[in-house]
Amino acid sequence: MQGSFILAVGHQIIVSYAECMGVPLFRRRIQGSPRHQKLGYRMTPGDEVEDMFILLNEVKRQIPSVTAVSSGAIASDYQRLRVESVCSRLGLVSLAYLWKQDQSLLLQEMMTNGIVAITVKVAAMGLDPRKHLGKDIGFLKSYLHKLKELYGINVCGEGGEYETLTLDCPLFLNCRIVLDGFKIVMHSSEAVAPVGILHPLAFHLENKAESCSSSGIDKTSEICKEKVGFVFEVQGDCLRRPEATCQSAAEVTKLDEVAERRLHISRTKNHNTFSICCWLQDSCETSAGLHEDLEAVLRKIELKLVGYGFGWENVVYIHLYIADMNKFSIVNETYVRYITQEKCPFGVPSRSTIELPLLQVGFGSAYIEVLVANDQSKRVLHVQSISCWAPSCIGPYSQATLYKEILHMAGQLGLDPPTMTLCSGGATAELEKALENSEAVATCFNCSISTSALLFVVYCSTYVPSSERHRIQDKQDTFLKQMRLFQLDKGSIVKVPDPIFLYVLVPDLPKRALVEIKPILYVPEDADVTTGTVQELSCVRMPSYWGFQHAHWHDSCFQKCVVHGKIFAVILCITSEDVLKICSESLGGDQDNRDYQNSFHEEQMERVSRFCIYLLDKLYMQNNFSWDDTQNLRFYFPTSLGVPVEALSLMLTNAFNELAEMGQRVKIGEEPIFNLVPVLGAGRSATSMDDIITCELFAQKA
């Protein structure tokens, strides 16, 4: 139920809340006005939100133990975003446990828990000020549901249909408020939806004989016991400007020198949305450490963005790979120096953070891939408040970003939203909760992971026993099938027939989670669009590079998901059995010489690299896409491969160069269009993450 209006209606009674609850009351006369009219809020002098900042800043000064702010937002993004903005600036956590709750259930829960609230303003069809002002919400509950059926009103008044004043609730430990007299003032006498306000004339407090403090309230009282019952009037203007962080010239020069020596860059060629990857070619002996490595990588990417005429506000998604998840707090401290809400006025990018075996393959401690958009049309969902809806993103990373009909969702863990802790029950329980959280995010974009998903990447921690990995895939299949049936029963349209899946084995995940899922969804601008089965262009003559000829077993190497004329996604998995088939024509007699065997292994991988490029090129042609449509191209390789990363990179680079010379279908620049991702294993199922090499390709036509 709306509470903001209480500051104007019944404000005389609010002073008594301090005595009823046994806590201090801080208040401030609003001096500003709603100057910043856009949905997302930025600090604006003279705006009424700055009054809230000043008020809460004083609360935090007088009671330093205060760490969070609770608000009653149910559906209002406008209200939630302003509370979150103030909390972010003050280092407070925003709690919004009513957010996205079903209003009918919420209203009933309020009644069940003994909340006594009366209407002090009505402004909706069916609500008559003379009949319905001053009435208990419990008394009006059935009538409000009737108005919902007739006119579609919000039963909790979230649309401004009515405002309330709480007279009693479980937090009123000492006494309740009794209203002795009031008058009704009409603001509008329109026949359809008259507006009226209740002005209290007299009231008194009635002590509770059963008054006793709960442990939670006792703790609060101990924290501020010298202020209990006091009312603090907060005056003045104490706006605090954010402190600017800067680097010395020596630090910048040092980072630039590091970049010249050790940093490597890759970039795809899509003109609409492209990816930039940056990593350090290093060894564990010479790595400067996670903080320094991440600083160098972030600065290099920032410079590349500026060189293209862009900035962090153009970034849609960030893959953050680190060498040690135990240093996650250090990573975030460095990250927030570069990616801030001030730099991203249209919304901060979504993000997934994964620990990879970077040092084992000679990389530095940090590795970043960013997806960049060439305009500002992205739509970002960034909820920082802790609620029962989905896990909050407290910081400069968002739950999901929609750009050009593609929904890029942040990596989802099996977190219980109200507590932000991992659910118990092992890997399958975490996966189910992660899928539920993903569905909650998808719902905000009017879609479902069961009917709109193109691709799922499932990261599995090594802490999951190999004997339990099959249950992960079974749980995911069952959940998505049940969810799809549920969506179809509701009349939803299947946007994508069959998503594709990639499972990746990694050393660790945030919060020591066992699984993390990263869905990519198709959200067409036309909600009624469906995708049928795509027919391959069989009439097109397929190329025959490096002596490869079409064979039926090639089809078993890949999964693909195609939205005709728009999107093309492929997962290409090369197993040890596939390697034998690929190299069968070049296998000679058995050799006992160990050095020869090692060199032959690299020759074998060179042929595998060419086969991957050949097959991807063939799939591009069959589905009427080109290499210029590529948004990202990742090659996952296991640390057990035995081929140096420099050699593997050179093999793929040479294969692309040869393809360019033979077919002119791919343009080669100074930077490769692919990036290599070291993992412990990868594959098309949770039980067979043992590919020799795995490729993830995503393309979209401009």
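Between Arg89 and Glu50 a salt bridge is recorded (basic side-chain N to carboxylate O distance below 4.0 Å). A salt bridge does not link Lys146 to Glu149: none of the charged side-chain nitrogens sits closer than 4.0 Å to a carboxylate oxygen. Between Asp168 and Lys208, at least one side-chain N (NZ, or NE/NH1/NH2) sits under 4.0 Å from a carboxylate O, which counts as a salt bridge. Taking 4.0 Å as the cut-off between side-chain N and carboxylate O, Arg27 and Glu233 count as a salt-bridged pair.
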- request: Kindly indicate, with the supporting measurements, whether the criterion side-chain contact (heavy atoms from CB on, under 4.5 Å) is fulfilled by Trp312 and Val348.
  value: CA-CA 8 Å; Trp312 291 109; Val348 289; over 6 Å; no
task: Carefully, step by step, assess Val178 and Leu205 under the rule side-chain contact (heavy atoms from CB on, under 4.5 Å).
output: CA-CA 6 Å; Val178 179; Leu205 301 183; over 6 Å; no
message: Working note: Tyr522 + Thr451, criterion side-chain contact (heavy atoms from CB on, under 4.5 Å); need CA distance, chi angles, decisive distance, verdict.
response: CA-CA 9 Å; Tyr522 172 53; Thr451 57; over 6 Å; no
- prompt: Where do Ile115 and Cys169 land on the side-chain contact (heavy atoms from CB on, under 4.5 Å) test, with the steps shown first?
  reply: CA-CA 4 Å; Ile115 293 179; Cys169 69; 4.1 Å; yes
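Closest non-hydrogen pair, Val69 versus Leu56, comes out as CG2-CD1, 4.0 Å. Listed here is the closest heavy atom pair of Ser16 and Phe203: OG-CE1, 3.3 Å. Shortest non-hydrogen contact noted between Phe456 and Ile449 is CZ-O, 3.7 Å. What you find for Gly347 and Lys378 is that their closest heavy atoms are O-NZ, 3.0 Å. Counting all heavy atoms, side chain and backbone alike, Tyr317 lies closest to Ser352 at OH-CB, 3.4 Å. The minimum heavy-atom distance linking Gln103 with Ile74 is given by the pair CG-CG2, 4.0 Å.
The shortest distance between side-chain heavy atoms of Gln376 and Asn314 falls below 4.5 Å. Considering only heavy atoms from C-beta on, Leu90 comes within 4.5 Å of Phe53 through its side chain. Between Asn174 and Glu19 there is no side-chain heavy-atom pair separated by less than 4.5 Å. Using a 4.5 Å cut-off on side-chain heavy atoms (C-beta onward), Val116 and Arg176 make no contact. Proximity of Leu165 to Phe182: side-chain heavy atoms (C-beta onward) are nowhere separated by under 4.5 Å. Looking only at side-chain heavy atoms (C-beta outward), Ser88 and Gln341 come within less than 4.5 Å of each other. Residues Met409 and Pro519 form a side-chain contact, since some pair of their non-hydrogen atoms from C-beta on lies under 4.5 Å apart. Here the side chains of Pro34 and Tyr78 are in contact, with some heavy-atom distance below 4.5 Å.
Looking at Glu525, its side chain never comes within 3.5 Å of a backbone N or O of Glu405 through a donor-acceptor pair. Between the side chain of Asn437 and the main chain of Pro417, no donor-acceptor pair closer than 3.5 Å is present. In terms of modelled atom types and a separation under 3.5 Å, the side chain of Glu84 and the main chain of Ser385 share a donor-acceptor contact. Checking side-chain atoms of Glu58 against main-chain N and O of Val234 turns up no donor-acceptor pair under 3.5 Å. When atom types are taken as modelled, the side chain of Asp47 and the backbone of Arg35 share a donor-acceptor pair closer than 3.5 angstrom. Between the side chain of Gln399 and the main chain of Pro391, a donor-acceptor pair closer than 3.5 Å is present. At least one donor-acceptor pair under 3.5 Å links the side chain of His382 to the backbone N or O of Cys393. Proximity of a side-chain donor or acceptor of Thr119 to a complementary backbone N or O of Gly134 within less than 3.5 Å is detected. For the pair Asp51 (side chain) and Ile30 (backbone), a donor-acceptor distance under 3.5 Å is absent. The backbone N or O of Gly159 sits less than 3.5 Å from a side-chain atom of Glu161, completing a donor-acceptor pair.
Atom OG of Ser438 is separated from atom CG of Leu413 by 9.5 Å, given to the nearest 0.5 angstrom. The structure places NZ of Lys148 at 9.5 Å from SG of Cys156, a figure rounded to the nearest 0.5 Å. The distance from the OG atom of Ser85 to the CD atom of Gln384 is 8.0 Å, given to the nearest 0.5 Å. For the atom pair Ser94 OG and Ile386 CD1, the distance stands at 8.0 Å (nearest 0.5 Å). To the nearest 0.5 angstrom, Gln487 atom CD is 11.0 Å from Leu480 atom CG. With values rounded to the nearest 0.5 angstrom, Ser188 atom OG is found 11.0 Å from Ile197 atom CD1.
Within the 6.0 Å centre-distance limit, the rings of Phe172 and Tyr17 are counted as a close aromatic pair. In this structure, Tyr143 has its ring center closer than 6.0 angstrom to the ring center of His132.
Ser450 and Ser448 share a side-chain donor-acceptor pair at under 3.5 Å. Inspection of the Ser398 and Ser350 side chains reveals an N or O donor paired with an N or O acceptor under 3.5 Å.
Heavy atoms from other residues, nucleotides or ligands lying under 6.0 Å from NZ of Lys343 number more than 12. The neighbour count for Gln31 CD, taken as heavy atoms of other residues, nucleotides or ligands under 6.0 Å away, is above 12.
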